[in-house]
Amino acid sequence: MRKVSRIVLRTHTCGELRSNHLEENVTLCGWVDRVRDHKGVIFIDLRDRWGKAQIVIGPDAPAEVMERARAARSEWVISATGRVGRRPEGTTNPKLLTGEIEVVCSDLEILNEADTPAFQPGAKELPGEEVRLKNRWLDLRRTDMQNNLLLRSRIVKIMRDHFDELGFIDVETPMLGRSTPEGARDYLVPSRLDHGAFFALPQSPQLYKQLLMIAGFDRYVQVAKCFRDEDLRADRQPEFTQLDVEMSFVDANDVTSVIEDLVVKTAKKILDVDISLPLPQLTWAECMDRYGHDAPDLRFGLEIIDLTEDTKESDFRVFKSAVESGGKVRGILVSGAAEKFSRKDLDVLTAMAVDAGAKGLVWLKLDAAGLWTGPVAKNLGSVVAENIRTALDAKPGDLALISADSFDVTCKTLHTLRKHLGKKLNMYDQSSMHVSWVVDFPMFARDEESGNWAAMHHPFTAPHPEDLEKLTSNPAECRAVAYDLVINGSEAGGGTIRIHDRATQQKVFELLGISHDHAQERFGFLLDALSSGAPPHGGIALGIDRWVMLFGQLDSIRDVIAFPKTQRASDLMTGAPGQVDTKQLAELGVRTIIPPKAAGETNSNVK
RNA sequence: GGGGGUGUAGCUCAGUUGGUUAGAGCGCCAGCCUGUCACGCUGGAGGCCGCCGGUUCGAGUCCGGUCACCCUCGCCA
C-alpha cells in the first residue's frame with residue numbers, strides 16, 4: 001500500500017500480512033468484524049477491503065488498550081499497532097490468508113464508534129434485498145459485493161485498455177439532450193430558462209457518436225450512462241452503463257472482430273477461459289427457426305423441429321386449425337424424459353405454454369412399443385404419428401412437446417419451454433460460457449398497437465446491401481446490417497452499420513411514418529450532417545452491467561451496481577425519487593396534476 | 001397495466017384446525033471465562049405479526065382492500 005498522504009494512519013492493509021512480516025511493527029486500520037473476549041486475552045478480527053487480520057490483546061498489553069479493546073463493538077473503526085507475531089502452534093487459521101500471523105497489540109485507537117448495524121456484513125445469512133438496499137453502505141461492506149464491484153472495475157479496465165490500444169478516442173457526450181418519442185420512454189428534465197421545454201436524458205449516445213464519425217474522429221469509445229424509463233427486470237435497470245463504440249470506414253466484420261478480441265481477452269483474464277474465434281454466427285431467421293428467440297442460450301440443444309409438413313394430413317383439430325390460419329406445428333423432443341414428467345408436471349408445462357400465449361400444449365410420450373401415448377395421441381392418426389416420430393427422431397421413453405399456432409406464438413411457447421427445461425434438466429454446465437453473434441435481423445417489425453412499421457433496432461440502421469431494393473418493394477423481408485452479441489442466452493451487446501447517406505435515411509424515416517417535416521424538425525441536424533461528408537460507419541454498444549453479471553455468474557444486475565434502484569425505480573437508501581419544493585417547480589414553470597403529498601405520506605423510507 | 005411470490009423481534013425464519021402469556025437461531029445488553037477464530041457458559045431486554053377494514057365470543061392464522069419488495073408478461077427503437 002503506497003502512502004497517499006503525509007498523515008500515515010496505517011502501515012499495512014488488513015489482508016497483506018504474512019509470515020515474512022514477522023517481528024515487524026505495524027499499524028492496521030479497519031472495521032471490527034468480530035470480537036472474542038476471553039477476559040485475559042481478547043481477539044479482534046479487523047477487516048478492510050483487502051482482507052482480515054487477527055489482533056491479539058494479551059495480558060502484556062497496557063491496561064487502557066485492554067479497556068478499549070473490551071469496549072470495541074462490531075463495525076467500530078479502529079487502528080491497532082503492534083508486532084507481527086507467529087501464531088502459537090495449533091492456533092493458525094487456514095481459512096484466513098493472514099492465518100499464520102497475528103498482530104500482538106501494543107496500542108489501539110478507536111477512530112469511530114458505530115451503532116449496532118442493521119445486519120452483520122460478515123454474517124453467512126444474507127439479509128433480504130430490501131434491507132440490503134436500505135443500508136447499502138453496509139451491504140457494500142460484504143465481501144461478495146466488494147468482489148462484484150472489483151470485478152466490474154477490472155472488466156471496464158480491460159475494455160478501456162483494449163480500445164485504447166486500438167486507437168479509439170474517449171469522447172463524452174451530453175446527458176441533457178433532446179427527447180425522441182421513438183424507442184423507449186425518456187426521462188425528462190425541465191428547462192428553467194425555457195419554460196415548457198424539456199431535456200431528455202440519453203437512452204444511448206447513438207446520434208452523438210454518429211456525428212463524431214462525421215466529424216472525423218474515426219474511432220470513438222465511451223463508458224456511457226444510459227436512461228430508459230421502462231419497467232425493470234432482474235437484468236434491467238432504469239439507468240445502466242454501456243460501452244459505446246463507433247468506427248468509420250468499416251463493415252460489420254470489422255466491428256465484430258474488434259469485439260471478438262475483447263471477448264477473448266475478458267474471458268481469459270477474468271475466468272481463465274479460452275474462447276476460440278471466430279465466434280459462431282447465426283442469422284436471426286435461423287435463431288427463430290431453431291430456438292424461437294433472437295438471443296438463444298446455445299449451451300444446450302433441445303432445438304425446435306418444424307412438423308407442419310409432417311402433420312398436414314392430420315385431422316387433429318388443433319393442428320388443422322393452426323395450419324389453416326397460416327400457422328405452424330412445431331415441437332421439441334426431450335430425450336428420455338417421459339418418465340420424469342408426471343401428469344402434474346406436464347400440467348405445469350402446459351400452464352407455462354398458456355402463459356407464453358399458446359392455447360395449450362400437446363404432449364406425447366413414446367412407449368416401449370414405439371407408440372405415442374398421451375391425451376391426444378389417439379387423435380393423430382397412424383401416418384401422422386409415425387411422421388412425427390421420424391421427424392423428431394424419437395426413441396421409446398422420449399417426451400415430445402408440440403405447439404400449433406402462429407409462428408410467433410410457437411416461437412414464444414417453445415422458447416419458454418426450452419429455457420425452462422434446459423435449466424431444470426441440467427442440460428448444461430451453469431458455469432460455462434457460450435458467446436455467439438446473431439446477424440441479419442429484419443429492418444422492420446410491425447408495431448402491434450399501431451400496425452405501422454417500427455425499426456427493429458433503431459431508425460439509423462443500414463439495410464443489407466443485397467436487400468436495398470426491398471426497402472421499398474418489400475420492407476418485411478428487408479434485412480438490416482445488425483449484429484447482436486449473445487452470451488448464455490442474454491443479449492450482451494448489439495450494433496449496426498449505420499445509414500450514411502441522406503436519401504436512404506429519409507426513405508427509412510418515411511417508412512417508419514415519420515413525415516418529412518417531422519424528420520426535418522427532429523433529426524434535421526443528422527440529415528444535414530449526412531449530406532456534409534459522412535463516412536461509412538458503424539458500431540456497437542455492450543451492456544457493461546450484463547457483462548459483469550455474466551462473467552461474475554450472478555443472477556441480478558443489482559449485484560453489480562453500487563447503488564441500484566428497486567423494481568419501482570426507487571432508491572431505498574436516499575428515498576429518490578422524492579418530493580420537491582413548490583418553489584423549485586415554480587422556477588421551472590412546472591405544475592403537477594397530482595397534489596403534493598403531505599409530509600409523512602411519501603413512499604420515502606428516509607427518516 | 002396483467003399474473004405469481006413474500007411481508008411475524010435489529011437480521012434469518014418457525015408458528016398446527018381460528019383458542020391461554022407469539023417462539024427459535026444469530027445479533028444486542030449484563031455477568032463469567034488467558035488461545036479463540038460462527039469461541040464457550042449463565043442471565044436479560046427486545047413484537048403495530050406491513051397497513052386499513054370485515055367475519056367471529058375470539059384473528060399472526062379466514063375474507064376484502066391497500067402498500068412495499070422480488071420474479072415474470074406487456075414494455076424495453
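In what follows, chains are A, B, ... by sequence order, proteins preceding strands, each numbered from 1.
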query = Taking the six-membered ring for Trp, are A:H458 and A:F460 ring centroids under 6.0 Å apart?
reply =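 Under 6.0 Å, so yes.
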
- Message: Expressed as a whole number of angstroms, how long is the span from A:L572:CG to B:rC67:P?
- Response: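 After rounding, the gap between these two atoms is 16 Å.
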
Applying salt bridge (Lys or Arg N to Asp or Glu O under 4.0 Å) to A:R502 and not counting sequence neighbours gives A:D528

Original post:
Is there a donor-acceptor pair closer than 3.5 Å between any side-chain N or O of A:R185 and the backbone N or O of A:D229?
Top reply: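 Yes; at least one donor-acceptor contact below 3.5 Å.
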
- Task: Evaluate the ring planes of A:F523 and A:F509, with Trp represented by its six-membered ring, and classify them as parallel (under 30°), tilted (30 to 60°) or perpendicular (over 60°).
- Result: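 Judged by the thresholds at 30° and 60°, the geometry between A:F523 and A:F509 is parallel.
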
By the Watson-Crick or G-U definition, both distances under 3.5 Å, B:rU6 is matched with B:rA68

Using a 4.0 Å heavy-atom cut-off across all strands, classify [X] as base, sugar-phosphate, or nothing.
X	answer
A:R558	sugar-phosphate
A:G58	nothing
A:T98	nothing

With B for base contact, S for sugar-phosphate-only contact and - for none (protein heavy atoms under 4.0 Å), nucleotides 31-37 of chain B reads -SBBBBB

Between A:K412 and B:rG74, is there a side-chain N or O to OP1/OP2 distance below 4.0 Å?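 Result: yes.
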
Using nucleotides 1-7 of chain B, report all nitrogen or oxygen pairs with the protein that are shorter than 3.5 Å.
{"unit_1": "B:rG1", "atom_1": "O6", "unit_2": "A:D231", "atom_2": "OD2", "d": "3.4"}

Ignoring the backbone of [X], work out which of [options] is nearest its side chain.
X	options	result
A:R73	B:rG10, B:rC29, B:rC76	B:rC29
A:Q120	B:rC76, B:rU12, B:rG27	B:rG27
A:T116	B:rG27, B:rC69, B:rC11	B:rG27

Worksheet item: Has the side chain of A:R236 got a donor or acceptor atom sitting under 3.5 Å from an opposite partner on the base of B:rC76?
Response: yes

